[in-house]
Amino acid sequence: MVLERRNSYKRFREDITPPRPSKRSNSPRSSISFSSIFNSPPSTPKKKVIEPPRQKLITSFKNVFKSQKKFLASPVYTDDGFTSPTLSLSPTISNTELSQKYPSPKSPILDLQNLSFVENQSHQIFSIPEIVHKIIEYIDQFTVFPQEEEPIRRRPLSFEHALLIYKNEETASKVWNEANSNEVLHPSTTLKMANSLHNCLLVNKLWSEITIDLISKKLFFTKESKWSEFISNVLEKKTLTRSKSNTKLFIMHKITKARQQDLEFVSKKISGQLEWIELYACPMILPTLSMFSGSNLKKLVLPGSKVVNDEFLINASRLCPRLERLDLRQCLQVSDRSIYHISKNCPNITSINLGRHKNSNLITDKSLYYISQNLSKIETLGLAGCAISDRGLWQIALRNSYTIQRLSLNNCVLLTNASISRIFKNGYFSNISVLEIRYINGLTDMLPLVKFKRLKYSKGKNVMIEGCELIEARMREEEWRFDMINSSTILNEISKWTNDLNDGDTNFAESSINL
Amino acid sequence: MFRKYGTLALLGDVQIGKTALMIKYVNDTYDPHYKKTEGVNFMEKTIELDQTDIRFSIYDLGGSKEFENMLPLATQDAISVCFLFDLTRRESLENVKNWWKLVKLSSRNSNAIPVLIGTKYDIFLEMPKEHQSYVHSRSIQFAKSLKSSLIFISTSDSINVQKVFKILISKSFDLKLTIPEFFRIGEPILIHSTATLDSVL
């Protein structure tokens with residue numbers, strides 16, 4: 001019976017993957033609805049009596065749920081612990097009496113009660129694969145991926161810089177001190193539930209089967225040791241023994257010593273369904289082309305890679321037509337040529353980052369031309385340190401003015417007033433929310449930027465314009481001048497109005513004659 | 001477009017014409033029938049200049065004793081507090097002292113600009129000369145001690161109604177006023193500079 005049940009569950013898993021519960025409460029409740037079917041035999045006359053008290057079930061459910069370890073440590077959870085709902089409602093009728101009165105329908109679900117394991121150790125619902133799947137999926141929500149935190153505001157370069165940005169000594173010194181003592185907590189230590197999935201592995205066979213299935217969807221590595229352990233396990237065929245890969249996410253975070261041959265070996269096991277590949281600061285390895293099979297890839301993150309080159313990107317772009325986010329920061333070998341092919345092959349890209357500190361002349365206006373012609377959905381554009389000129393930026397402004405939301409132009413030393421200032425003066429880039437313009441020394445006309453910022457602010461949107469000390473100082477000066485001009489016009493107007501005698505009041509000079 | 005805000009409170013005894021002044025200013029209408037204000041009235045008026053909007057928020061507090069506890073509601077954010085008195089009733093002028101004390105006691109807002117306003121100027125003109133000269137000199141005394149502007153208005157005849165708000169706003173922005181001043185007996189008094197105030201009497 002159990003076998004039958006499990007087989008049917010397997011089919012269920014293949015047919016429909018249940019949607020991930022979005023809220024905390026969703027998960028337990030939906031599983032309870034399963035149990036109500038399971039506990040009440042259908043079409044019995046005294047249905048109300050046998051129906052389980054939901055509240056009780058939920059609380060007992062939660063108890064187990066909260067303390068996975070406790071549950072494991074004491075397997076002697078007898079029927080007293082989780083009193084059968086039928087008994088608690090009508091204590092005069094025992095289980096046997098009940099079964100005599102209403103002979104149980106011959107469904108495999110109810111027959112589960114006869115299993116010794118279920119009877120002795122835990123509530124029955126914990127052996128229903130669908131429910132266990134729900135539970136583990138719920139826990140899986142707390143899994144934290146190793147990810148670079150997106151800064152809300154970039155760190156100031158110096159105390160003077162902070163002072164320019166925050167205009168207030170107290171906040172400036174606070175931010176500056178924070179920036180100096182920046183200690184990012186490792187994400188996995190911040191959440192308690194983070195490792196609960198591993199506990200789920202130890203419950204029983206059913207639980208571990210389902211957990212392994214869920215774990216293998218998301219593979220991520222942050223430590224060298226874990227990676228090499230994983231490799232040896234795969235070599236010995238201990239893990240990833242499934243026939244078809246279901247891995248959707250593959251992240252290697254700062255594993256600098258990883259070898260290409262290991263990845264090549266693993267890639268066969270994980271490719272097919274991948275949607276997200278991230279090799280963050282792993283300079284010596286490249287994702288293999290087989291990893292792109294299935295054409296599901298949406299996010300490709302390869303910052304700081306020394307081996308990513310045009311050939312690789314051209315081949316890869318052909319295999320991922322659904323790509324949305326591409327991060328190639330500090331990939332110094334990437335040039336205009338690959339941008340051409342990427343823009344041709346991946347029209348859905350919304351975010352592309354080509355920031356770099358060296359080899360700036362590899363990315364020129366040509367790239368911007370290809371992007372503006374082919375990527376109509378582009379929202380985020382990282383061009384820090386690229387050899388782009390006014391012409392290229394105008395190209396983007398003319399074709400992608402409304403979609404662009406974040407634009408990084410740090411260190412684009414060729415840019416001048418003719419692009420940035422003019423573009424904003426003419427009302428392009430009206431939806432931009434973040435603009436980074438550090439170290440563009442040619443930018444001196446800040447008035448259009450100040451006006452744009454004030455306009456957005458009056459509409460309740462805060463535009464972040466990031467500059468270096470020089471740019472920020474120019475901004476502040478322009479803002480001050482702008483405010484001075486404004487307030488003088490305001491005061492002039494008001495004083496003109498107050499001194500205007502023609503205002504509807506009876507003029508005393510005329511009326512005095514009558515007095 | 002820029003927008004500046006001016007909040008002001010109208011205070012004074014019962015049946016002086018506070019609500020009438022407010023309605024006259026905001027809607028430019030005058031209703032001779034008296035209706036007692038219960039609690040606080042509130043109205044807004046926006047004046048549109050070229051690039052600037054001035055928005056006046058006017059709080060009008062009922063003159064009865066029972067509404068005195070609502071005073072902070074009217075005065076808390078006010079840039080200006082207007083003390084109104086009835087030119088035809090001497091005791092209403094004397095009561096300005098009490099109103100001023102109440103404001104000092106209840107409000108933490110000490111920056112508010114005081115303005116002394118005498119109402120019903122049209123009726124006042126028909127009254128005996130000695131009453132006129134008494135009220136004239138007494139009100140100037142009050143204005144001196146309050147360090148405030150002094151204006152005689154008539155809501156029904158639209159005398160100096162707009163001027164009240166112009167003087168208020170220019171005082172709050174510290175602007176130069178060139179409106180001609182009147183300070184002799186019988187004239188609709190309009191004194192906004194301290195120099196004139198000191199030179200009278």
Side-chain angles (χ1 to χ4, degrees), chain A residues 167 424-432 446-463 465 475-515, chain B residues 1-6 24-25 27-30 47-56 121-122 124-126 132 149 151-190 192:
Chain A
K167 299 165 196 167
F424 280 97
K425 206 173 190 172
N426 287 296
Y428 293 100
F429 289 149
S430 51
N431 291 327
I432 215 161
M446 310 304 285
L447 186 63
L449 290 175
V450 171
K451 274 188 179 167
F452 176 75
K453 200 176 173 181
R454 289 292 160 91
L455 182 76
K456 284 281 169 186
Y457 186 75
S458 69
K459 287 177 185 169
K461 284 175 192 158
N462 212 350
V463 181
I465 297 179
M475 282 283 283
R476 289 298 93 76
E477 201 188 317
E478 197 58 56
E479 272 174 17
W480 181 80
R481 209 176 298 148
F482 185 70
D483 287 346
M484 287 310 284
I485 293 168
N486 279 348
S487 56
S488 73
T489 44
I490 291 172
L491 291 180
N492 276 336
E493 278 185 10
I494 292 177
S495 121
K496 203 177 155 194
W497 172 72
T498 50
N499 289 316
D500 182 13
L501 288 173
N502 205 0
D503 53 9
D505 278 354
T506 314
N507 199 331
F508 178 64
E510 287 168 20
S511 61
S512 59
I513 305 162
N514 302 334
L515 299 169
Chain B
M1 285 304 268
F2 312 108
R3 177 163 282 177
K4 292 285 160 189
Y5 298 91
K24 172 75 184 170
Y25 185 66
N27 295 340
D28 198 19
T29 53
Y30 175 70
I47 290 165
E48 288 170 13
L49 306 176
D50 260 2
Q51 287 185 62
T52 319
D53 284 358
I54 307 169
R55 172 170 283 188
F56 285 110
Y121 173 69
D122 49 321
F124 171 70
L125 277 179
E126 291 155 15
Q132 284 196 26
S149 311
I151 311 161
F152 287 4
I153 65 163
S154 164
T155 313
S156 61
D157 291 10
S158 322
I159 295 170
N160 285 345
V161 173
Q162 306 288 328
K163 303 281 189 299
V164 171
F165 297 89
K166 289 183 167 183
I167 287 168
L168 271 173
I169 207 82
S170 64
K171 288 269 173 202
S172 75
F173 286 112
D174 219 358
L175 296 172
K176 195 170 180 265
L177 266 176
T178 56
I179 303 174
E181 294 181 287
F182 304 104
F183 46 83
R184 280 185 223 100
I185 300 171
E187 285 176 342
I189 303 290
L190 189 117
H192 53 72

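So you know, we letter chains A, B, ... as the sequences are listed, proteins then strands, and number each from 1. Values below: every heavy atom of this structure, side chains too, minus hydrogens, waters and symmetry copies. The structure displayed is predicted, hence computed values, not measured ones.
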> Taking it one step at a time, do Ile169(B) and Trp497(A) satisfy side-chain contact (heavy atoms from CB on, under 4.5 Å)?
Replying inline: CA-CA 10 Å; Ile169(B) 207 82; Trp497(A) 172 72; 3.6 Å; yes

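In this structure the side chain of Asp500(A) reaches within 4.5 angstrom of the side chain of Lys166(B), judged on heavy atoms.
Within 6.0 Å of atom CZ in Phe2(B), more than 12 heavy atoms from other residues, nucleotides or ligands are found, so the atom counts as buried in its surroundings. Residue-environment remark: NZ (Lys456(A)) exceeds the threshold of 12 foreign heavy atoms within 6.0 Å.
Legend: residues meeting salt bridge (Lys or Arg N to Asp or Glu O under 4.0 Å) with Arg3(B), ordered by chain and number and at least two apart, are Asp53(B). Annotation: side chain to side chain donor-acceptor pair (under 3.5 Å) contacts of Ser158(B) (sequence neighbours excluded): Lys24(B).
For chain A, the nearby parts of Ile179(B) are the backbone and the side chain; heavy atoms of each come within less than 4.5 Å. Heavy atoms closer than 4.5 Å to chain A are found nowhere in Ile153(B), neither backbone nor side chain.
Within residues 488-496 of chain A, the residues approaching chain B closer than 4.5 Å by heavy atoms are, in numerical order, Thr489(A), Ile490(A), Leu491(A), Glu493(A), Ile494(A), Ser495(A).
Judged as a side chain to side chain donor-acceptor pair (under 3.5 Å), the pairs with a partner in residues 171-182 of chain B (not counting sequence neighbours) are, in order, Asn499(A)-Thr178(B), Glu181(B)-Ser193(B), Glu181(B)-Thr196(B).
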